[in-house]
Amino acid sequence: QVQLVESGGGLVQAGGSLRLSCAASGRTFSSYNMGWFRQAPGKEREFVSAISWRGSRTYYVDSVKGRFTISRDNVKNTVFLQMNSLKPEDTAVYYCAAKEGRFPPSEYDYWGQGTQVTVSS
């Protein structure tokens, strides 16, 4: 079992920045590929970014490329999502997720409770 707890969400003006964190506990964090997803009101959950267990590979959805950066600290058991140049359409609940095995994962086994990000225009 892996427990994931997101933090760092909040209200920010368009053009601003936020850094989300996802702290993991339980089994060996460094063996898990990690992902960030988001879900806006009335919309389906969508993939945002993923990072391999060693941090050597990353993926981003096109809409955030060049603005968001995913990273991880396997000593602190934490994955980060640095979000710059935020837009109102980035408003959503952001979730982190974990999955062992091949990268990128086709599905994730463990999910956090989410953190709200609201970008005002």
Side-chain angles (χ1 to χ4, degrees):
Q1 287 283 342
V2 174
Q3 292 78 43
L4 303 172
V5 179
E6 302 95 334
S7 62
L11 174 64
V12 64
Q13 289 188 332
S17 298
L18 283 174
R19 189 192 196 203
L20 304 184
S21 299
C22 174
S25 60
R27 297 186 62 184
T28 307
F29 173 74
S30 59
S31 67
Y32 283 83
N33 303 305
M34 300 297 295
W36 284 98
F37 291 76
R38 65 187 179 186
Q39 186 166 21
K43 295 187 177 181
E44 293 186 355
R45 184 171 62 194
E46 69 166 344
F47 168 81
V48 175
S49 182
I51 187 167
S52 61
W53 62 273
R54 196 159 43 183
S56 57
R57 298 172 65 188
T58 58
Y59 278 104
Y60 299 91
V61 67
D62 285 346
S63 60
V64 308
K65 284 181 180 177
R67 300 188 299 122
F68 290 11
T69 303
I70 191 171
S71 62
R72 67 189 295 160
D73 185 334
N74 286 347
V75 174
K76 296 182 178 179
N77 291 353
T78 304
V79 62
F80 305 97
L81 186 67
Q82 178 67 43
M83 306 187 295
N84 299 329
S85 303
L86 282 161
K87 305 175 181 180
E89 51 263 44
D90 294 318
T91 296
V93 177
Y94 283 71
Y95 300 89
C96 69
K99 172 72 175 177
E100 285 185 298
R102 300 184 66 168
F103 183 80
S106 56
E107 59 183 12
Y108 288 77
D109 292 330
Y110 303 101
W111 295 83
Q113 84 290 346
T115 186
Q116 176 71 47
V117 171
T118 304
V119 184
S120 63
S121 57

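Residues: numbered from 1 along the sequence shown.
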Original post:
How are the rings of Tyr32 and Tyr110 set to each other: parallel, tilted or perpendicular (split at 30° and 60°)?
Top reply: perpendicular
**OP:** Could you check if a side-chain atom of Gln113 sits within less than 4.5 angstrom of a side-chain atom of Val5, using non-hydrogen atoms only?
**Re:** yes
**OP:** Evaluate the criterion side chain to side chain contact (heavy atoms under 4.5 Å, CB included) for residue pair Asp90 and Arg38; output intermediate values, then yes/no.
**Re:** CA-CA 9 Å; Asp90 294 318; Arg38 65 187 179 186; 2.9 Å; yes
**OP:** Provide the closest heavy-atom pair for Ala92 versus Tyr94 in the form atom of the first, atom of the second, distance.
**Re:** O-CD1, 3.4 Å
Original post:
Any idea which heavy atoms bring Ser52 and Asn33 closest together, and the distance?
Top reply: CA-OD1, 3.3 Å
**OP:** Salt-bridge test for Asp62 and Lys65: reply yes if a basic N is under 4.0 Å from a carboxylate O, no otherwise.
**Re:** yes
Original post:
For the atom pair CZ (Phe47) and OH (Tyr60), what is the distance rounded to the nearest 0.5 Å?
Top reply: 9.5 Å
Subject >> Within 45° cone of Trp53 ring axis and under 6.0 Å: Arg72 NZ or CZ >> reply: no
**OP:** Could you tell me which non-hydrogen atom of Phe29 sits nearest to which non-hydrogen atom of Thr78, and how far apart they are?
**Re:** CE2-N, 3.6 Å
**OP:** Decide yes or no for Trp111 and Leu4: does some side-chain heavy atom of the first lie under 4.5 Å from some side-chain heavy atom of the second?
**Re:** no
**OP:** Hey, could you give me the NZ/CD distance between Lys43 and Glu89, rounded to the nearest 0.5 Å?
**Re:** 8.5 Å
**OP:** Kindly compute the distance separating CZ (Phe103) from CD1 (Ile51), expressed to the nearest 0.5 Å.
**Re:** 7.5 Å
Original post:
Distance from Asn77 atom CG to Ser25 atom OG, nearest 0.5 Å?
Top reply: 8.0 Å
**OP:** Would you give the length of the straight line joining atom SG of Cys96 to atom CZ of Phe80, rounded to the nearest 0.5 angstrom?
**Re:** 11.5 Å
Subject >> Leu11 and Gln116, any side-chain heavy atoms less than 4.5 Å apart >> reply: no
Original post:
Are Thr118 and Val12 side-chain neighbours, meaning at least one heavy-atom pair lies under 4.5 Å?
Top reply: no
Original post:
Closest approach of Pro88 and Ala14, non-hydrogen atoms and distance?
Top reply: CD-CB, 4.1 Å
Original post:
Which pair of heavy atoms, one from Val79 and one from Ser71, lies closest together, and at what distance?
Top reply: CG2-O, 3.1 Å
Subject >> Rounded distance (nearest 0.5 Å) linking atom CE of Met83 with atom CH2 of Trp36 >> reply: 8.0 Å
Original post:
Should Val48 and Leu81 count as side-chain neighbours, where that means a heavy-atom distance under 4.5 Å?
Top reply: yes
Subject >> Between Ser17 and Asn84: side-chain donor-acceptor atoms closer than 3.5 Å >> reply: yes
Subject >> Which atom of Leu18 lies closest to which atom of Gly8, heavy atoms considered >> reply: CD2-O, 3.8 Å
Original post:
Heavy-atom distance under 4.5 Å between the side chains of Met34 and Val2, does that happen here?
Top reply: no
Original post:
Is any side-chain heavy atom of Val117 closer than 4.5 Å to a side-chain heavy atom of Thr91?
Top reply: no
Original post:
Is Tyr95 close to Glu6 at the side-chain level, that is, under 4.5 Å between some pair of heavy atoms?
Top reply: yes
Subject >> Thr115 (side chain) donor-acceptor with Ser7 (main chain) under 3.5 angstrom >> reply: no
Original post:
Would you say the side-chain atoms of Glu100 and Ser31 include a donor-acceptor pair closer than 3.5 Å?
Top reply: yes
